[in-house]
There are 2 protein chains.
Amino acid sequence: MKDNPKKQIITQVAQNIFSRHGLLKTTVYEIAKAARMGKASLYHYFQSKEDIFKEVVEKENRFLKEKIREAIINEDTPQKKMKIYILKKMEYLRELANIHSALKDDYLEHYAFIEKIREKNSKEELFTIRETLQDGEDKGIFEINDIELTAFAIASALKGLEYPWSINISFPEIESNVDKLLEILFNGIVKR
Amino acid sequence: MKDNPKKQIITQVAQNIFSRHGLLKTTVYEIAKAARMGKASLYHYFQSKEDIFKEVVEKENRFLKEKIREAIINEDTPQKKMKIYILKKMEYLRELANIHSALKDDYLEHYAFIEKIREKNSKEELFTIRETLQDGEDKGIFEINDIELTAFAIASALKGLEYPWSINISFPEIESNVDKLLEILFNGIVKR
DNA sequence: ACTCGAACACAAAACTATTATGGTCGAATT
DNA sequence: AATTCGACCATAATAGTTTTGTGTTCGAGT
């Protein structure tokens with residue numbers, strides 16, 4: 001997808017409608033109407049409904065990455081970089097309805113293309129964590145053996161931050177939970 | 001439930017049938033037949049199908065707790081106790097089909113009584129982790145500020161161990177992942 | 001106290017008909 | 001040539017109806 005204006009309009013209107021109704025409830029007809037064209041014309045620009053949704057998710061992912069890059073750019077320590085990465089990702093995932101849906105909605109998990117999106121996202125996450133660990137090690141801040149396994153363990157732990165605790169269990173504010181978990185991951189609980 | 005032999009027979013046969021067919025697919029009629037009684041007679045001993053399942057889950061939970069107690073009894077350090085606790089729990093949850101189902105199956109999550117079972121289990125988990133942290137602190141091994149929040153953060157991290165990663169992502173053996181995560185939680189990644 | 005056949009209310013499943021939806025095709029328009 | 005779209009297709013989804021299954025109750029019997 002280059003700079004085709006029609007394609008961008010379709011993507012934009014689709015982004016809005018998908019984010020309100022979700023992938024399944026949004027019809028191709030609705031998107032076409034909102035883009036002021038006939039339904040059949042859409043297929044000149046996109047191969048399928050799935051293609052449109054993929055494009056929308058990729059657009060949101062680019063936005064998310066840019067926002068994270070901006071936030072991290074002036075941080076100097078790997079600890080701060082990791083914290084900002086996690087918090088910004090959580091924050092923007094809440095706003096970006098389509099990528100959130102693609103990554104989190106249970107009813108979408110049997111679609112092969114959704115599985116691919118989730119896989120790509122997980123790989124990017126693991127990569128980012130691994131890079132940050134490497135950076136910290138290079139700077140003599142972190143001391144790590146088996147960096148791959150460490151990246152994986154940390155990624156797993158961070159997934160646990162989204163665990164759906166029962167409503168009757170009083171759980172802390174997400175940010176203090178992130179802070180505390182990162183503090184533990186960085187410094188450990190064994191006396192120094 | 002005291003020592004009523006009929007009730008114990010019902011519970012035992014129900015445990016078997018529930019673990020094969022699951023809560024929803026198991027009929028009261030089947031349980032009655034297996035216990036060699038009429039369907040209506042069951043209601044003399046249990047108030048409902050739900051009551052039978054609860055009894056079965058409680059039975060399995062008692063068994064699980066006893067197995068963990070036995071495994072931990074000779075361990076001396078809080079680190080070892082925590083590791084054994086996590087691994088044993090994972091191991092027995094895999095074997096004890098009914099409590100596993102009660103805690104994990106998505107299709108059961110809208111039942112109020114299942115939510116209660118999950119809540120109770122989470123509270124027990126948090127309690128166990130908190131106790132172990134306290135033990136470690138009392139022994140001068142751990143240094144913790146805000147023990148409640150720390151217990152919560154660690155519990156969250158451990159929930160992440162069960163995250164369903166995509167099949168195309170090569171993830172490590174569960175035990176090495178547990179080991180690595182615990183190592184990080186205990187010692188941190190910042191150079192000592 | 002314990003047992004169970006019969007019945008109940010309604011949930012679940014099966015079946016049938018109708019409508020909606022993603023996608024295609026070819027002709028028309030720009 | 002690029003773009004548009006009406007009409008149509010195959011089938012998925014939905015709606016409506018009927019049938020069967022299931023948890024539970026009740027009252028009579030042992």
Exercise. Return yes if the base of dG22(C) and the side-chain atoms of K39(A) contain a donor-acceptor N/O pair under 3.5 Å, otherwise no.
Key: yes

Self-check item: Presence of S41(B) side-chain N/O under 4.0 Å of dC4(C) phosphate oxygens OP1/OP2
Solution: yes

Quiz item: Distance check: side-chain N/O of Y43(A) vs OP1/OP2 of dT3(D), anything under 4.0 Å?
Solution: no

Self-check item: Close side-chain approach of E75(A) and K83(A), heavy atoms under 4.5 Å
Solution: no

Quiz item: Tell me, which of residues 18-27 of chain B have any heavy atom that sits under 4.0 Å from an atom in DNA chain D?
Solution: T26(B), T27(B)

Quiz item: Heavy-atom distance under 4.5 Å between the side chains of N121(B) and E125(B), does that happen here?
Solution: yes

Self-check item: Cation-pi check, K180(B) onto F152(A) ring (under 6.0 Å, within 45° of axis)
Solution: no

Quiz prompt | Residues clustered with I73(B), ILVMFWY side-chain links under 4.5 angstrom | solution = none

Exercise. Please determine, by modelled atom types, if D146(B) and T150(B) share a side-chain donor-acceptor pair under 3.5 angstrom.
Key: no

Quiz item: Rounded to the Å, how far apart are K6(A) NZ and dT30(C) P?
Solution: 13 Å

Self-check item: Presence of salt bridge, E119(B) and K123(B), under 4.0 angstrom
Solution: yes

Self-check item: Side-chain donor-acceptor pair present, E173(B), N177(B), cut-off under 3.5 Å
Solution: no

Practice problem: Could you please name the option among dC25(C), dG23(D), dC4(C) that lies closest to any side-chain atom of A40(A)? | Solution: dC25(C)

Quiz item: Which one, dG23(D), dT4(D), dC5(D), comes nearest to the side chain of V28(B)?
Solution: dG23(D)

Exercise. To the nearest Å, give me how far apart NE2 (H44(B)) and P (dT30(D)) are.
Key: 18 Å

Practice problem: Check whether any side-chain nitrogen or oxygen of Y29(A) sits under 4.0 Å from OP1 or OP2 of dG23(C), and answer yes or no. | Solution: no

Quiz item: Separation of Q47(B) atom CD from dC26(D) atom P, in whole Å?
Solution: 13 Å

Quiz item: Roughly how many Å is it from NZ in K49(B) to P in dG23(D), rounded to a whole number?
Solution: 4 Å

Quiz item: Please give, in whole Å, the distance from dT22(D) P to I17(B) CD1?
Solution: 13 Å

Practice problem: Please report, rounded to the nearest Å, how far the P atom of dC2(C) is from the CG atom of L42(B). | Solution: 14 Å

Self-check item: Between P of dT22(D) and CD1 of I31(B), the distance in whole Å
Solution: 12 Å

Quiz item: Atom CE of M37(B) and atom P of dG5(C): how far apart are they, to the nearest Å?
Solution: 13 Å

